[in-house]
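What follows is a set of notes on a single structure, which appears directly below.
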Amino acid sequence: MNRSTLSAACALVALLALAPADARCASLAHTAPENAGTSPARDDAPFAIQRIAAFDRPWAIAFLPDGRLLLTEKAGRMFLLTQAGARTPIDGVPAVYDRGQNGLLDVAPSPDFARDRLLYFTRVAPEDGGGALVLARARLDESGGRARLRDLETLWRQQPAGPGGQPGGIVACSPDGRHLFLTVGDRMEPDTAQDPDAARGKILRLDPDGSAPPDNPMAGQPGIRALTWSTGHRNPYGLAFAPDGTLWEHEMGPRGGDELNRIRRGGSYGWPTVSNGDQYSGRPIPRHATRPDFDAPSLYWTPVIAPAGLAFYQGDVFPAWRGSALIGGLRAEGLVRVVFDADGAAHQADRWSLGRRIRDVAVAPDGAVWVIEDGADAGLLRLTAK
């Protein structure tokens, strides 16, 4: 691209995007994103795998500051676990709409959990017409050898409800602890992802009580607009902040085009107008390169890996991984490690075959990596250096 063409593209983006023109021009000047879908998986993993426990259709794992784990099962069960695998059921989980990809989803402790004992969690709640994605918080009460959710509050509820899958429902707390970010999938209604008034295909930014922050891109506007941080997402099952404070998200594409996205304030990521995959019917979708007004992925996978779970590594067990993103692969049946250039460009560094569909990944306070398998009799696995 010559200088005059780049200038024209930047001028177009400045009109169409919410970010400053210089930031968008810098992103356009980057090289095209890498397709890591054809990279072969390796069998020579640098870690040993220990199976700790097994669960029925688990969805998410998260660590408490004391090293214990939280784990959700899609049918509506939540557990508190020691690292030796001893489990305590957590009572008080509200009813879920357990159909397909819907059910009890993510769980995340408050950034100040040691003081406030608050958990944020998501579920698809049963309603007429299907289910509605719900973000809630509750206090974890432990007494008498039992655990229970108390003081349950609904912070946000998706309307209208629907029967479709692809709910999203992944929660990330901002590094300063002041905001919550929530992924909302398109619920298999693709056109809603570009509708600013539809609570689908978005990433939301909320205050901890569920209200709309006054500095959101469309603050002061009605409905879902006030909460929307970014749009044009399909099936987002990974959301996490990098050590430098950048927010990253991954989502499943259709037939091809799984994406890793660097999320910016007011960004639009193109679904379903553009994709690096095609419809399951075989009908082509225009590629990201045809629409520079949309944010292109930083990395994509065709064929797909079906990414699920996202964590950034900062521990001591695998010092060479510091700053890397770790992504579980359902279709890939393994673990993916992504590294980042000084300019923020993403590259797949490793893909290890585990022979298991990986649903979520988390890093323990001691630096060990934990993953949870997908499906029935799914193993909770601890990865440590060989």
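As a basis for the values below, the full set of heavy atoms in this structure was taken, side chains included, without hydrogen atoms, waters or symmetry mates.
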- Query: Stepwise, does the salt bridge (charged side-chain N to carboxylate O under 4.0 Å, His left out) test hold for Arg234 with Glu259?
  - Reply: CA-CA 10 Å; Arg234 183 178 181 270; Glu259 297 180 0; over 6 Å; no
- Message: Let's go through Arg382 and Asp366 carefully: what are the C-alpha distance in whole Å and the side-chain angles of both, what is the deciding distance for salt bridge (charged side-chain N to carboxylate O under 4.0 Å, His left out) to 0.1 Å, and is it a yes or a no?
- Response: CA-CA 12 Å; Arg382 181 173 183 257; Asp366 67 0; 3.4 Å; yes
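Formation of a donor-acceptor pair under 3.5 Å by the Thr183 side chain with backbone atoms of Pro236 is found in this model. Arg187 places a side-chain N or O within donor-acceptor distance of the main-chain N or O of Gly164, the cut-off being under 3.5 Å. Between the side chain of Gln314 and the backbone N or O of Gly323, at least one donor-acceptor pair lies under 3.5 Å. With hydrogens and angles ignored, the 3.5 Å screen pairs no side-chain donor or acceptor of Asp341 with any backbone N or O of Asp343. Within the 3.5 Å criterion, the main-chain N or O of Arg225 finds no donor-acceptor partner in the side chain of Lys202. Judged by distance alone, with hydrogens and angles left aside, the side-chain atoms of Glu34 form no donor-acceptor pair with the main-chain N or O of His347 at under 3.5 Å. Although no hydrogens or angles enter the test, the distance criterion places no donor-acceptor pair under 3.5 Å between the side chain of Asn261 and the main chain of His250.
Figure legend: cation-pi geometry between Arg337 and Phe318 absent, as NZ or CZ is not positioned both under 6.0 Å from the six-membered ring centre and within 45° of its axis.
With sequence neighbours excluded, the residues satisfying ring pair (Phe, Tyr, Trp, His ring centres under 6.0 Å) with Trp59 are Tyr237.
Atom CZ of Arg200 sits about 4.5 Å away from atom CD of Gln158, to the nearest 0.5 Å. The distance from atom CG of Leu310 to atom CG of Leu239, rounded to the nearest 0.5 Å, is 7.5 Å.
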Please output the side-chain donor-acceptor pairs of residues 298-307 that fall under 3.5 Å, not counting sequence neighbours, one pair per line with the distance.
from, atom 1, to, atom 2, distance (Å)
Trp301, NE1, Gln348, OE1, 2.8
Thr302, OG1, Gly257, N, 2.8
Thr302, OG1, Asn276, O, 3.3

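Under 4.0 Å is where a charged nitrogen must lie from a carboxylate oxygen, and between Arg77 and Asp98 no such pair does.
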